[in-house]
Amino acid sequence: MKTMTAINRNRRSRLPLFLPKPIRNFLQNTSPKLVRPLIALAIVMVVWQILCPPGSKGLPGPMQVLADTWNPYLINPFFDNGGTDKGLALQIFASLQRVAIGFSLSAVVGITLGIVIGINKLIYEAVDPIFQVLRTIPPLAWLPIALAAFQQSNPSAIFVIFITSIWPIIINTTAGVQQLPQDYRNVARVLQLSGFEYFLNIVFPATVPYIFTGLRIGIGLSWLAIVAAEMLVGGVGIGFFIWDAYNNSLISQIILALVYVGVVGLLLDRFVAYIGSIVVPKEQQK
């Protein structure tokens with residue numbers, strides 16, 4: 001233990017003393033978590049570059065991707081030439097707008113249905129088999145139904161997000177209500193709580209961790225669904241951008257767009273997890 005303490009002190013002492021203390025503390029806490037992924041990423045880039053050297057046919061290497069997309073996609077991600085000819089930041093923003101609407105609707109409806117189904121055993125036994133069947137339907141299989149119902153591409157894409165992300169929210173919320181300890185129910189009876197008080201003070205707080213588990217799964221599925229849906233419905237959006245680049249054999253643009261998609265998906269997951277860490281009491285966090 002003394003040896004490890006001495007090593008840690010030596011590591012801290014290597015940081016420049018002229019840095020403000022908050023910055024030094026941040027670097028001390030995040031350096032191990034940041035350096036290792038960067039090393040792994042560098043190794044992947046080197047291997048990729050070796051396997052796909054300049055001038056080779058097929059998949060371009062990272063240097064080629066950088067050269068092909070530098071202007072305008074990297075240096076000006078907000079350019080707008082009209083129509084669908086927009087920078088990747090604007091394409092991502094258009095997709096995020098659809099995800100925000102579809103996911104918000106699925107969160108409201110899913111949490112409400114999950115609580116109702118979890119409380120009422122009769123309703124649960126009636127609808128659970130139906131939900132288990134519906135949740136296995138691939139997202140894009142809903143798109144023809146949505147197009148037939150709404151006759152427009154944008155509402156159809158939003159519906160695909162909604163119907164894709166709602167199932168984990170319903171299922172996890174229902175499970176949270178059903179896992180409510182019997183002691184909680186007994187306390188509610190002793191205190192003679194009304195239905196609203198029982199829900200507000202007992203059911204909902206105990207279910208919140210399960211709700212946020214469903215929300216994290218749902219936001220990931222929403223982002224997957226919108227990229228796939230936009231490939232078919234067209235318009236401005238990262239999914240259509242990828243499909244259009246494929247039709248024009250612009251592989252470097254596709255690779256860059258995939259990086260954007262992955263980073264945004266990670267940020268969405270971390271954002272929902274952060275909100276959950278604030279809302280969920282620490283003693284209930286796993």
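Side chains are part of it too, since the values below use all heavy atoms of this structure and drop only hydrogens, waters and symmetry mates. Treat the numbers as computed from the prediction; the structure is a model and nothing was measured.
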Student: Tell me whether Trp167 contacts the main-chain N or O of Gly110 through its side chain, where contact means a donor paired with an acceptor under 3.5 Å.
Tutor: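 Answer holds: no.
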
Student: So, for Val65 and Pro60, which heavy atoms are closest and what is the spacing to 0.1 Å?
Tutor: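 Scanning both residues completely, I find the closest heavy atoms to be CG2-CG, 3.9 Å.
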
Student: Could you tell me whether Phe93 atom CZ has more than 12 heavy atoms of other residues or ligands within 6.0 Å of it?
Tutor: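 No.
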
Student: Can you confirm whether Tyr246 sits close enough to Met231 that some side-chain heavy atom of one is under 4.5 Å from a side-chain heavy atom of the other?
Tutor: no

Student: State, yes or no, whether a side-chain contact exists between Ile117 and Asp128 at a heavy-atom distance under 4.5 Å.
Tutor: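 No; the side chains remain at least 4.5 Å from each other.
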
Student: Using the ring pair (Phe, Tyr, Trp, His ring centres under 6.0 Å) rule, take Tyr73 and Phe241 through it: C-alpha gap first, then chi angles, then the decisive distance, then the call.
Tutor: CA-CA 12 Å; Tyr73 293 105; Phe241 177 88; 5.5 Å; yes

Student: Under the 3.5 angstrom rule, does the side chain of Asp80 hit a backbone N or O of Gly82 as a donor-acceptor pair?
Tutor: yes

Student: Could you list the donor-acceptor pairs under 3.5 angstrom formed by side chains in residues 157-166, with sequence neighbours left out?
Tutor:
unit_1	atom_1	unit_2	atom_2	d
Thr164	OG1	Val160	O	2.6
Ser165	OG	Ser106	OG	2.8
Ser165	OG	Ile161	O	2.9
Ser165	OG	Ser222	OG	3.4

Student: What are the two closest heavy atoms between Pro129 and Tyr124, and how far apart are they?
Tutor: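 So the minimum-distance heavy-atom pair works out to CD-O, 4.4 Å.
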
Student: Determine whether Leu134 and Ile170 fall in the same hydrophobic cluster, where Ile, Leu, Val, Met, Phe, Trp and Tyr are linked whenever their side-chain heavy atoms lie under 4.5 Å apart.
Tutor: yes

Student: If I compare all heavy atoms of Ala206 with all of Leu180, which pair ends up nearest, and what's the gap?
Tutor: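 Where Ala206 meets Leu180 most closely, the heavy atoms are CB-CD1, 3.3 Å.
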
Student: Taking it one step at a time, do Gln178 and Lys121 satisfy side chain to side chain contact (heavy atoms under 4.5 Å, CB included)?
Tutor: CA-CA 9 Å; Gln178 293 176 336; Lys121 185 177 181 181; over 6 Å; no

Student: Would you say Ile145 has more than 12 foreign heavy atoms packed within less than 6.0 Å of its CD1?
Tutor: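 Atom CD1 in Ile145 is not packed in, count stays at 12 or less.
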
Student: Working to the nearest 0.5 Å, report the span between CD1 of Ile169 and OG1 of Thr112.
Tutor: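 Ile169 CD1 to Thr112 OG1: 10.5 Å, rounded to 0.5 Å.
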
Student: Does the ring centre of Phe240 sit less than 6.0 Å away from the ring centre of Trp243?
Tutor: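 Centroid separation for Trp243 and Phe240: 6.0 Å or greater.
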
Student: Does Val99 reach the side chain of Ile219, with side-chain heavy atoms less than 4.5 Å apart?
Tutor: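 A side-chain contact under 4.5 Å exists here.
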
Student: Is the side chain of Ser104 donor-acceptor paired with the backbone N or O of Ile101 at a distance under 3.5 Å, no angle test?
Tutor: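 Checking the backbone N and O of Ile101 against the side chain of Ser104, no donor-acceptor pair under 3.5 Å is found.
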
Student: Walk me through it: do Tyr210 and Thr173 pass the test side chain to side chain contact (heavy atoms under 4.5 Å, CB included)?
Tutor: CA-CA 6 Å; Tyr210 294 86; Thr173 303; over 6 Å; no

Student: If hydrophobic clusters are built from ILVMFWY residues whose side chains come within less than 4.5 Å, do Val272 and Leu266 share one?
Tutor: no

Student: Hey, does the side chain of Asn172 reach the backbone of Pro168 with a donor-acceptor pair shorter than 3.5 angstrom?
Tutor: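 Yes, because the side chain of Asn172 sits within donor-acceptor range (under 3.5 Å) of the backbone of Pro168.
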
Student: Decide whether Phe271 and Tyr260 are clustered together by the hydrophobic rule: side chain heavy atoms of Ile, Leu, Val, Met, Phe, Trp, Tyr closer than 4.5 Å, transitively.
Tutor: yes

Student: Tell me, with the steps shown, if Gln132 and Ile171 meet side chain to side chain contact (heavy atoms under 4.5 Å, CB included).
Tutor: CA-CA 9 Å; Gln132 295 300 332; Ile171 292 172; 4.1 Å; yes

Student: Yes or no on side chain to side chain contact (heavy atoms under 4.5 Å, CB included) for Leu113 and Val127, after CA distance, side-chain angles and deciding distance?
Tutor: CA-CA 11 Å; Leu113 286 177; Val127 302; over 6 Å; no

Student: Does any part of the side chain of Val236, heavy atoms only, come nearer than 4.5 Å to the side chain of Gln91, both counted from C-beta?
Tutor: yes

Student: Checking Trp142 now: which residues fulfil ring pair (Phe, Tyr, Trp, His ring centres under 6.0 Å) with it, not counting sequence neighbours?
Tutor: none

Student: Can you get from Ile275 to Leu105 by hopping between Ile, Leu, Val, Met, Phe, Trp and Tyr side chains that sit under 4.5 Å apart?
Tutor: no

Student: Is there side-chain contact between Leu147 and Gln152, with heavy atoms separated by less than 4.5 Å?
Tutor: no

Student: Kindly give the heavy-atom pair with the smallest separation between Glu230 and Gly239, and that separation in Å.
Tutor: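 Taking Glu230 first and Gly239 second, the nearest heavy atoms are OE1-N, 2.9 Å.
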
Student: Is there a side-chain contact between Ile255 and Leu59 (heavy atoms, below 4.5 Å)?
Tutor: yes

Student: With a 4.5 Å cut-off on side-chain heavy atoms, are Val227 and Ser95 touching?
Tutor: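 SC-SC contact between Ser95 and Val227 ruled out.
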
Student: Has the side chain of Asp269 got a donor or acceptor atom that lies under 3.5 Å from a matching backbone atom of Gly265?
Tutor: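 No, because the side chain of Asp269 does not come within donor-acceptor range (under 3.5 Å) of the backbone of Gly265.
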
Student: Heavy atoms, side chains only, cut-off 4.5 Å: are Phe78 and Leu90 in contact?
Tutor: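 Side chain of Phe78 against side chain of Leu90, heavy atoms only: contact under 4.5 Å found.
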
Student: If hydrophobic clusters are built by linking Ile, Leu, Val, Met, Phe, Trp and Tyr wherever their side-chain heavy atoms come under 4.5 Å apart, do Leu258 and Val263 end up in the same one?
Tutor: no

Student: Does Gln49 reach the main-chain N or O of Met63 with its side chain, forming a donor-acceptor pair under 3.5 Å?
Tutor: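 Here the side-chain-to-backbone pair exists.
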
